[in-house]
Amino acid sequence: MTDDSKRLDQLCVNTIRMLAVDMVEKAKSGHPGLPLGAAPMAYVLWSRFLRHNPANPKWADRDRFILSAGHGSALLYALLFMAGYDLPLDALRNFRQWESPTPGHPEYGLTPGVEATTGPLGQGFAMGTGMAVAERFLADSFNKPDLKIVDHYTYALVSDGDLMEGVASEAASLAGTLGLGKLIYLYDDNGISIEGSTALAFTEDVSRRFQAYGWQVIRVADGNDLDSIETAINNARAEKDKPSLVMVKTHIGFGSPKEDSASAHGEPLGPEAVKATRENFGWPLEEAFHVPEEALEHARLALQRGREFEDDWTGLLDKYREEHPAEADRFVRQMKGELPEGWEKALPVFDAAAGGLATREASGKVLNALAGVLPNLLGGSADLAPSNKTYQNGFADIGSGQSGARNVHFGVREHAMGAMVNGMNLHGGVIPYGGTFLVFADYVRPSLRLAALMNVPSVFVFTHDSLGVGEDGPTHQPIEQVASLRAIPNFTVIRPAEANETAAAWKSAMESSGPVALILTRQKLPTLDEKKYGVAAGAARGAYVLADTEGTPDMLLMATGSEVSLVLEARERLLSHGVKARVVSMPSWEIFEAQDQAYRDTVIPPQVRTRLAVEAGSTMGWRRWVGDGGRVIGVDRFGASAPGSQVLANYGFTVDNVVQTALSLTGK
């Protein structure tokens with residue numbers, strides 16, 4: 001490499017650094033330390049390795065890059081601007097401002113080129129692992145020996161904080177187990193966190209830990225040595241059977257008076273320190289957001305490279321289409337997120353005469369019916385597949401080396417599972433799902449929240465949904481979990497009452513543009529007659545009239561899940577007391593809320609004020625539906641260890657209690 005090339009590379013690195021410094025300084029908030037230290041490794045990756053097209057950020061076979069250390073967002077925005085994404089310099093000037101495309105932490109769907117919403121540390125690490133799983137799945141599904149239409153890497157920049165988080169440890173362990181050789185993470189090893197030196201709380205040997213996970217570990221002693229970083233990434237790419245962690249020793253706040261100090265992490269440098277930093281890099285003292293034309297021109301070569309990358313791939317896809325037209329069409333459809341025509345015909349209809357089913361069992365039957373028509377259905381459970389009924393029978397396991405693998409054994413790693421499901425979704429081309437017990441939704445919650453924030457259609461299967469779990473006791477009996485899930489904005493919760501509602505719930509999940517949680521029972525429930533009750537159509541609207549009476553009802557009985565059959569029975573008993581009750585099944589509040597007011601009023605008439613809701617969980621939120629004059633039979637304390645039917649009875653989930661409560665409301 002010539003001296004002029006080295007000079008130009010350094011100019012580009014310093015441009016990225018100073019753009020980040022100026023963003024943080026103008027916003028008077030942000031994190032300048034990481035961009036100053038990590039800019040060289042990011043520049044080498046983006047200028048010498050990353051296959052992407054800034055003019056088409058959604059090109060299917062691009063390499064994925066995640067800034068897992070999302071607090072360093074100014075670094076990513078500088079990279080995107082310099083490379084020629086649709087992110088003008090004015091957007092950088094409005095860093096962290098109202099309605100700006102450059103928020104404090106990267107947000108998927110807001111900023112072109114941002115592959116994942118990051119900021120909660122460790123999440124990006126785990127989502128990248130999910131992306132690598134999706135890449136391998138699609139490559140195994142479509143590639144031919146001479147026609148590899150899926151062939152890209154997943155990269156991330158991770159920090160000390162990322163590696164401290166448990167979710168990253170879970171994902172790293174599974175990535176090593178699966179041998180994800182196209183997963184390469186650059187570790188910004190600067191030894192500083194918010195409270196000071198990482199030695200305060202993080203003294204482990206990271207290299208040996210990751211080697212124990214099954215990763216290749218490569219060290220770069222000097223984070224400013226561009227050639228050493230390039231060599232390390234080349235060595236990482238050469239390893240086909242292990243993920244790689246490239247440990248790059250850096251200096252937080254490099255080049256500033258706050259270098260190697262905790263104060264460089266999360267606050268502006270300040271005018272005097274910025275001046276000193278400018279002087280150190282030979283930067284104009286008075287010109288904020290200075291971008292040397294030579295540096296911009298060099299960085300914008302990414303546009304030309306990107307066009308060539310995509311054009312070459314498009315030619316490959318055309319050749320693939322000539323030789324394998326049906327598979328090519330399926331690939332394109334899957335990458336667009338489209339479902340095959342007529343897929344819904346595979347949904348089973350359950351016969352009431354065949355007897356009852358636990359909704360987890362019904363869910364397993366629906367999942368396996370869909371597996372036959374949705375070849376990109378990909379997922380599994382956190383070591384609970386036999387209980388969650390999330391295994392696709394007749395298909396191999398991811399990592400087994402067998403063709404047609406669709407089942408992911410996440411192990412007892414709920415936190416990583418949720419994030420990986422999101423990462424698979426972000427990658428595209430697959431329909432991912434993950435399962436565990438409802439009470440452990442708390443372990444998945446950060447990923448559920450991010451799924452909602454990113455608006456990705458991840459499917460989460462939560463079984464063992466109530467006191468009906470029984471003998472396992474209060475540690476395994478969910479109480480507040482459904483209410484807490486309903487509290488997440490842009491998140492759909494569906495708690496079906498029986499088998500046919502469960503089939504409708506899966507249909508809603510497959511058609512949803514955002515995340516969905518399916519809340520399912522361990523215990524058997526009576527199956528409703530689809531022809532009599534119109535369950536599928538009703539459940540599709542979130543709530544519906546399951547059983548009615550002539551004229552205006554005296555009261556409404558509302559329930560979800562296992563309690564629907566309970567109130568149906570109570571309704572019959574109430575008739576003998578002269579009370580005409582309408583039964584409303586409400587599998588999904590969120591879907592019901594999305595219906596027009598006219599429909600909602602036909603289901604829950606405003607004039608009928610006497611209302612009783614029954615749900616084996618927290619009563620939080622039900623006041624909206626029952627009104628001030630209504631009542632809720634629910635659970636606002638922890639459960640107990642005993643047979644499930646006995647626990648439910650002792651907590652008031654009996655026909656007698658429902659009837660007596662209803663009669664007290666009506667005054668009869």
Side-chain angles (χ1 to χ4, degrees), residues 1 5-6 8-17 19-20 34-54 57 59 61-70 72-85 106 113-116 118 124-125 127-128 131-132 135 151-159 162 180-190 215-239 243-250 254 295 298-303 305-306 309:
M1 183 174 290
S5 294
K6 291 180 179 179
L8 183 55
D9 282 340
Q10 194 59 54
L11 183 66
C12 289
V13 169
N14 290 342
T15 302
I16 293 165
R17 283 171 162 154
L19 281 172
L34 181 146
L36 283 168
M41 72 175 90
Y43 170 74
V44 170
L45 176 64
W46 279 58
S47 64
R48 303 182 188 179
F49 292 99
L50 199 67
R51 293 175 69 254
H52 63 126
N53 184 2
W59 168 42
D61 200 40
R62 69 192 181 279
D63 289 337
R64 272 63 170 177
F65 173 78
I66 302 170
L67 183 67
S68 188
S73 59
L75 170 66
L76 180 54
Y77 302 144
L79 290 165
L80 293 168
F81 162 72
M82 293 292 287
Y85 282 81
V114 170
E115 298 281 7
T118 56
F125 189 114
M127 285 189 281
M131 290 182 185
E135 191 274 344
D151 188 13
H152 54 265
Y153 288 85
T154 301
Y155 299 98
L157 195 159
V158 304
S159 65
D162 282 299
L180 299 175
K182 301 182 83 171
L183 185 67
I184 300 174
Y185 285 173
L186 305 180
Y187 169 27
D188 179 27
D189 182 12
N190 62 39
W215 288 55
Q216 174 186 218
V217 178
I218 304 168
R219 290 182 180 272
V220 176
D222 180 0
N224 290 307
D225 186 340
L226 306 188
D227 291 341
S228 292
I229 294 169
E230 180 179 11
T231 298
I233 296 174
N234 270 321
N235 290 340
R237 288 163 59 95
E239 173 56 70
S244 293
L245 183 72
V246 181
M247 300 180 63
V248 185
K249 193 62 183 175
T250 62
F254 178 80
H298 181 69
R300 290 281 166 94
L301 291 175
L303 286 163
R305 290 195 302 270
F309 288 145

Non-neighbouring partners of Phe81 that pass ring-ring contact (aromatic ring centres under 6.0 Å, His included), sequence neighbours left out: none
Could you give the distance from OG1 (Thr154) to CD1 (Ile184), rounded to the nearest 0.5 Å? 9.0 Å
Report the distance from atom SG of Cys12 to atom CG of Leu79, rounding to the nearest 0.5 Å. 11.0 Å
Which of Glu115, Met127, His52 passes side chain to side chain contact (heavy atoms under 4.5 Å, CB included) with Arg64? It is Glu115
Distance, nearest 0.5 Å, that separates CZ of Arg305 from CG of Leu50: 9.0 Å
Working for side chain to side chain contact (heavy atoms under 4.5 Å, CB included), residues Leu75 and Leu157: CA-CA 11 Å; Leu75 170 66; Leu157 195 159; 4.0 Å; yes
Considering all heavy atoms of both residues, which atom of Arg17 and which atom of Pro35 are nearest to each other, and what is their separation? CG-O, 3.9 Å
Determine whether Asn234 and Phe49 make a side-chain contact, defined as any pair of heavy atoms from C-beta on separated by less than 4.5 Å. yes
Under a 4.5 Å cut-off applied to non-hydrogen side-chain atoms, are Val220 and Leu186 in contact? no
Could you check whether any side-chain heavy atom of Arg51 comes within less than 4.5 Å of a side-chain heavy atom of Asp61, counting everything from C-beta outward? yes
Hey, could you give me the CD1/CG distance between Ile16 and Leu36, rounded to the nearest 0.5 Å? 11.5 Å
Give me the atom names and distance for the closest heavy-atom approach of Ala236 to Gln216. CA-NE2, 3.6 Å
List the residues meeting ring-ring contact (aromatic ring centres under 6.0 Å, His included) with Phe125, not counting sequence neighbours, and say none if there are none. Tyr185, Trp215
Gln10 CD to Leu226 CG distance, which is reported to the nearest 0.5 Å: 6.0 Å
From CG (Asn14) to CG (Leu19), nearest 0.5 Å: 11.0 Å
Taking all non-hydrogen atoms of both residues into account, name the closest pair between Ala302 and Pro54 and its distance. O-CD, 3.6 Å
Over all atoms of both residues, closest heavy-atom pair of Gly223 and Val248: CA-CG1, 3.5 Å
Over all heavy atoms of both residues, which pair between Asp189 and Lys249 is shortest? Give the atoms and the distance, please. O-CD, 3.2 Å
Looking only at heavy atoms, what is the nearest atom pair of Leu67 and Pro106, with distance? CD2-CG, 4.4 Å
Residues forming a side chain to side chain donor-acceptor pair (under 3.5 Å) with Asn190, sequence neighbours excluded: Asp188
Do Ile218 and Glu239 come close enough that some side-chain heavy atom pair is under 4.5 Å? no
Give me the one residue out of Tyr153, Tyr155, Trp46 that meets ring-ring contact (aromatic ring centres under 6.0 Å, His included) with Phe65. Trp46
Just to verify, what does Asp151 make a side chain to side chain donor-acceptor pair (under 3.5 Å) with, not counting sequence neighbours? Lys182
Contacts of Tyr43 meeting side chain to side chain donor-acceptor pair (under 3.5 Å) (sequence neighbours excluded), chain-then-number -> Asp9, His298
Would you call Met41 and Val246 a side-chain contact if the rule is heavy atoms closer than 4.5 Å? no
Between Arg62 and Pro57, is there a donor-acceptor pair closer than 3.5 Å when you use the side chain of the first and the backbone of the second? yes
Listed once per pair and sorted, the salt bridge (Lys or Arg N to Asp or Glu O under 4.0 Å) pairs that draw on residues 216-236, sequence neighbours left out: Arg48-Asp227, Arg48-Glu230
